[in-house]
Visitor: 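Please see the structure below; I have some questions.
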Amino acid sequence: PEVDAERHIINLIRKEVSSWRSNGYPETTRVTSELLNYWFNNPEREAWHRLFFAQREAAETAIWLNEVAERSNAGQNILRILNEARVSVGENSEDQLPRIAFKMATGTGKTVVMAALVLYHFANRQEYKSDIRFADYFLIVAPGVTIKDRLGVLFVDTRKLPEFELEDYYHVRRLVPQSLRDNIQNLNARLVITNYHSF
């Protein structure tokens with residue numbers, strides 16, 4: 001049967017995220033609002049530090065699903081569709097971790113999106129310690145050793161160097177607003193990067 005493109009889950013989500021973006025990211029925490037506006041509505045951000053639209057849309061979508069979707073009828077419908085489509089392995093499907101996959105093509109900047117999402121969760125959890133919508137520990141599983149090594153940029157570079165010489169993506173891609181920079185070094189203790197075989 002022919003699929004109605006407008007009613008496909010991806011396009012339903014895109015429509016809601018686009019509207020949310022146009023309205024200035026309402027219904028988020030103060031930290032989330034600060035991050036989104038720093039990343040995407042910041043006239044002082046140099047052109048070479050701007051995220052590609054694919055990166056922006058991926059980060060916005062993950063944040064919208066986590067923090068905003070349940071606050072509207074359309075969002076609740078999308079969450080219901082995603083929940084119905086979830087297939088779990090094992091007898092106790094209720095005990096399984098929820099999973100949503102984001103597929104991005106080679107070269108679109110998945111690592112930057114990972115850095116943005118890790119920072120989003122970490123900064124919110126530091127501010128709202130009991131809010132379980134935000135993760136406080138992070139496990140990144142790479143398909144092999146080479147990619148695992150490349151993902152080292154997700155660890156905060158703690159060397160005593162000028163900021164522009166630090167080599168993690170939080171600094172290189174200018175993802176951290178000034179107000180959140182003091183706590184960022186605590187992130188390394190909460191992050192594990194491993195390869196699939198070790199895991």
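For this chain, numbers begin at 1 and follow the sequence in order. From a predicted model like this one, the values you see are computed outputs, not experimental measurements.
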Visitor: With sequence neighbours left out, write down each residue that passes ring pair (Phe, Tyr, Trp, His ring centres under 6.0 Å) with Y25, or none if nothing qualifies.
Guide: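 In terms of ring pair (Phe, Tyr, Trp, His ring centres under 6.0 Å), with neighbours along the sequence ignored, Y25 is linked to W20.
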Visitor: Report the residues that fulfil side-chain hydrogen bond (donor to acceptor under 3.5 Å, both in side chains) with E46, sequence neighbours left out, ordered by chain and then residue number.
Guide: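 Counting only residues at least two positions away or on another chain, E46 forms a side-chain hydrogen bond (donor to acceptor under 3.5 Å, both in side chains) with H49.
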Visitor: Between the side chains of D168 and H171, does any donor sit under 3.5 Å from an acceptor?
Guide: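 H171 and D168 do have a side-chain donor-acceptor pair below 3.5 Å.
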Visitor: Could you name each residue pair satisfying side-chain hydrogen bond (donor to acceptor under 3.5 Å, both in side chains) that touches residues 138-161, not counting sequence neighbours?
Guide: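 side-chain hydrogen bond (donor to acceptor under 3.5 Å, both in side chains) check on residues 138-161 returns D157-R159.
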Visitor: For P143, which residues count as a side-chain contact (heavy atoms from CB on, under 4.5 Å) partner, sequence neighbours excluded?
Guide: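 side-chain contact (heavy atoms from CB on, under 4.5 Å) list for P143, sorted by chain: I147.
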Visitor: Tell me which pairs pass side-chain hydrogen bond (donor to acceptor under 3.5 Å, both in side chains) where either residue lies in residues 110-121, with sequence neighbours left out.
Guide: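 Qualifying pairs, neighbours excluded: N66-Y120, E67-Y120.
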Visitor: Identify, with sequence neighbours excluded, every residue that meets side-chain hydrogen bond (donor to acceptor under 3.5 Å, both in side chains) alongside R14.
Guide: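 R14: side-chain hydrogen bond (donor to acceptor under 3.5 Å, both in side chains) contacts with E57.
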Visitor: If every non-hydrogen atom of W39 is compared with every non-hydrogen atom of L119, which pair is closest and at what distance?
Guide: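 Closest approach of W39 to L119, heavy atoms only: CZ2-CD2, 4.2 Å.
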Visitor: Can you name the residues that form a salt bridge (Lys or Arg N to Asp or Glu O under 4.0 Å) with R21, not counting sequence neighbours?
Guide: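 R21 satisfies salt bridge (Lys or Arg N to Asp or Glu O under 4.0 Å) with E60 only.
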Visitor: Say you draw a straight line from OH of Y137 to CZ of R190; how long is it, rounded to the nearest 0.5 Å?
Guide: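 The distance works out to 4.5 Å.
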Visitor: Please tell me whether T29 and T32 have a donor and an acceptor in their side chains that are separated by less than 3.5 angstrom.
Guide: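 Yes, T32 and T29 have a side-chain donor paired with an acceptor closer than 3.5 Å.
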Visitor: What donor-acceptor contacts under 3.5 angstrom involve side-chain atoms of residues 191-199, with partners at least two apart or in another chain?
Guide:
{"unit_1": "N195", "atom_1": "OD1", "unit_2": "S198", "atom_2": "OG", "d": "2.9"}

Visitor: By the rule that ILVMFWY residues connect when side-chain heavy atoms come within less than 4.5 angstrom, directly or transitively, which residues belong alongside L166?
Guide: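 L166 clusters with L161.
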Visitor: Mind jotting down which residue pairs meet the salt bridge (charged side-chain N to carboxylate O under 4.0 Å, His left out) criterion with at least one end in residues 111-133? Sequence neighbours excluded, please.
Guide: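 Listed once each, the pairs are R30-E127, R125-D136, D131-R133.
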Visitor: Can you list the residues that meet the side-chain hydrogen bond (donor to acceptor under 3.5 Å, both in side chains) rule with T108, with sequence neighbours excluded?
Guide: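 By the side-chain hydrogen bond (donor to acceptor under 3.5 Å, both in side chains) rule, T108 matches no residue at all.
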Visitor: Please list, chain by chain and in numerical order, all residues satisfying side-chain hydrogen bond (donor to acceptor under 3.5 Å, both in side chains) with E27, sequence neighbours excluded.
Guide: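 Listed in chain order: R71.
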